[in-house]
Amino acid sequence: MEQRQINTVEETLPFGEKIIIESWNHRNIDIETYKSMHRGTLTPEFWEMVANELEWFKKWDKVLDDSNPPFYKWFVGGELNPSYLCLDRHVKSWRKNKVAIIWEAEPVDSNGVPVEVRKLTYYDIYKSVNRMAYALKRNFGIKRGDRVGIYMPMIPQLPITMLALARIGATFTVVFSGFSADALADRLNDAEAKLLITANGFYRRGNVINLKEIADEALEKSPTVKSVIVFRRIRDLNVRMIEGRDYWWGDIREGTPENAYIQPEPLPSEHPLYILYTSGTTGKPKGIVHDTGGYMTLLHATMKWVFDLKDDDVYWCTADIGWVTGHSYIVFGPLMEGATQIMYEGAPIYPNPDRWWAIAERYGVTILYTSPTGIRTLMKFGDQWVKRHDLSTLRLLHSVGEPINPEAWRWFFEVVGNSKCPVGSTWWMTETGGILISHTPGSYLVPLKPGTNGLPIFGIDADVFNENGQPAKPGEKGYLVIKNPWPGMPLTIYGDPQRLIDTYFKKFEGKFYAGDYAIKDSDGYIWVLGRADEVIKVAGHRLGTYEIESSLISHKAVAESAVIGVPDEVKGEVPVAFVVLKQGFDPSDELRQELHQWVRQTIGPIADPSKIFFVSALPKTRSGKIMRRLLRAVISGESLGDTTTLEDQASIDEVKIAYEKLKTEIGG
Ligand code: 6R9
């Protein structure tokens, strides 16, 4: 039995104490030693060493092609296939019948026991992927370079679909199953998807969601999609099937040979594996395109260093595959590493607020990767829900998606992890492909501090810059930048390469600007504070305030709108909307409800503002630009600063009154 001892040391800076878990896997290290090792890793050759640990069909001619920045290409000339790395390799080894995915459906019986659990081995998944790849190729003519949309809930058929598409070299785009028909249609159209793969429905919080109905509505506006494959997730849920367009997954599978084998395409390292749409500073989400070789290399590295994954681990990432965390750390990362992992269909509080802890106990989870919102949601219900379960198998905990407040960190560390598991907050984004700043208990563990992201991982040169592009002083708030190219970085923005340059590489010439505010402390630890742009993280879900504004403005009654993020105890941030109505429309509760419903229908429930305020004018400059800065100042109680450009002082007074009203309502 490993000896585990915890020492608590006081920090001098205003960042709280350091926590040293002594002898955790005997990899503890002091900060200066880590930093000196880290300095030696900031070269392409270091990443070449990591890439050499993957199985390539053909090795590269050049590690990094940097002739056309910021369109870097990693491992040029190399060929590989993610489906091969995640499946064939294991099937050829002792892992053939190792359980890859333990899937638990949401419904439970009257004793709270889950009614459906499936354990799929690597060989099971391998066979399904091959049959699916066979059908995609032979029946639907899908080939390398085609784009395919995926709109599926948290069921094993989702990773199976992604791996089948990767196997034949089709570029897929997964759309989160909580997005609306309009959001789905926008993404299918932008990607010019030929085919959509979906399910008839799924369970969420005890309700049946009819996914196919939403997909049908989207398909009316998505002319490029010629065929649809529908997985029957819920046996008795009947949905409309359009002859010649819609096909049942089961029927297709029946039509393929049991032992179908489709050779994995040897894909060039810079082949576009997938497009994932994410919110930015305009109304239209952008399609981040990831490569294959660099992306898989970063995932391999982080699975080892950050998650310390071993063959006897039971790993669980609670994210939804519809977001980047699920792409990287449910599908490609863990499966490539041969993990046994948990996949859960439903809500964390169904039927009770101990569902996650029950699952962790049931399967003996050892590594848990979750979100601050998840932690805060469950923390609210009290320790007794955790204590009811034996969580002694847990050995490593991480969070992602938003800053973790020290209180939530402590609860996760003490109550869930019983003060023996390292707890990290891994910083990364859709654009980065994988984790770039994090504690790395799998390689070397520096002291923990509640709430920090820690030091950049090996091979990543991250810093905090001030407005002038100079490194910020310790403790000074600035902008997070990544100074070197890394494997896993975006290839481009689909259909709009210039936007990649403008959004990420202009503010600090040639360096990747993440769009986050951050502080570096005197130890060099990075603390990401939140977004510096018009992006908000609602329960860890990334949304653009402009998207919500565009949705509101598209309603017939709305003339103008401004949306900002407001701090929320559980969700981190929630959107609040200020709305000016058109002539002939009057504020009413009914109209307010209609607007809430409208946002749900045009984007999805996650984007629904927590409050909608009717105002007669928005604070604007004389040239007509909405001054969101002032709205945010009112909300944060900061001084309004320079208001000389403000056209109409009355507008800001009205916002203040609306905000005071909000504060009394939420008791903040
Ligand atoms: C993986 C993911 C990216 C934004 C990012 C930042 C925030 C993510 C964080 C974090 C503080 C962490 N973020 N992880 N902030 N600490 N550990 O979430 O990707 O959805 O693209 O969001 O999320 O603001 O810029 P994505």
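As the structure lists them, so they are numbered: ligands from 1, and atoms in each ligand from 1.
When non-hydrogen atoms are compared, ligand 1 lies under 4.0 Å from the backbone of Thr430 as well as from its side chain.
Put simply, no part of Gly515 is less than 4.0 Å from ligand 1, judged by heavy atoms. The shortest heavy-atom distance from Trp323 to ligand 1 is not under 4.0 Å.
For Lys507 and Glu467, the salt-bridge test passes: some basic side-chain N is under 4.0 Å from an acidic carboxylate O.
On a distance-only criterion, Thr426 and ligand 1 share at least one N/O pair closer than 3.5 Å. At a 3.5 angstrom cut-off on N or O pairs, Ser399 does not count as close to ligand 1. For a threshold of 3.5 Å applied to N or O pairs, the pair formed by Val528 and ligand 1 contains no separation below that value.
Of all protein heavy atoms, the one closest to atom 3 (C) of ligand 1 is Met429 CB, 3.4 Å. Scanning the protein heavy atoms around atom 14 (N) of ligand 1, the nearest turns out to be Gly401 N, 3.1 Å. Residue, atom and distance of the protein heavy atom nearest to atom 16 (N) of ligand 1 are Asn453 ND2, 3.1 Å. Among protein heavy atoms, atom 4 (C) of ligand 1 sits closest to Lys537 NZ, 3.5 Å. Among protein heavy atoms, the minimum distance from atom 24 (O) of ligand 1 is reached at Asp516 OD1, 2.6 Å. In terms of protein heavy-atom proximity, atom 2 (C) of ligand 1 is closest to Trp428 O, 3.7 Å.
Per-residue contacts place Pro403 under 4.0 angstrom from the following atoms of ligand 1 (heavy atoms of the residue considered): 11 (C), 15 (N), 16 (N). Residue Thr325 approaches ligand 1 through these ligand atoms, each under 4.0 Å from one of its heavy atoms: 1 (C). Less than 4.0 angstrom separates some heavy atom of Val324 from each of these atoms of ligand 1: 1 (C), 19 (O).
Legend: salt bridge (charged side-chain N to carboxylate O under 4.0 Å, His left out) pairs involving residues 627-636, not counting sequence neighbours, sorted by first then second residue: Glu534-Arg632, Glu549-Arg628.
Note on ring orientation: taking the six-membered ring where Trp is involved, the planes of Tyr329 and Trp428 are perpendicular (angle over 60°, cut-offs 30° and 60°). Between Phe176 and Phe179, the two ring planes are perpendicular [angle over 60°; tilted spans 30° to 60°]. Taking the six-membered ring where the residue is Trp, Phe172 and Tyr274 present parallel rings, their angle staying beneath 30° rather than reaching 60°. Ring pair Tyr295/Phe332 is perpendicular by interplanar angle, where above 60° counts as perpendicular and below 30° as parallel.
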Next item on the list: Any chance you could lay out the side-chain hydrogen bond (donor to acceptor under 3.5 Å, both in side chains) test for Thr292 and Glu270, step after step, and finish with the verdict?
Entry: CA-CA 6 Å; Thr292 305; Glu270 67 272 24; over 6 Å; no
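Aromatic ring centres of Phe465 and Phe508 lie closer together than 6.0 Å. Less than 6.0 angstrom separates the ring centroid of Phe512 from the ring centroid of Tyr504.
His398 pairs by the ring pair (Phe, Tyr, Trp, His ring centres under 6.0 Å) definition with Phe307, not counting sequence neighbours.
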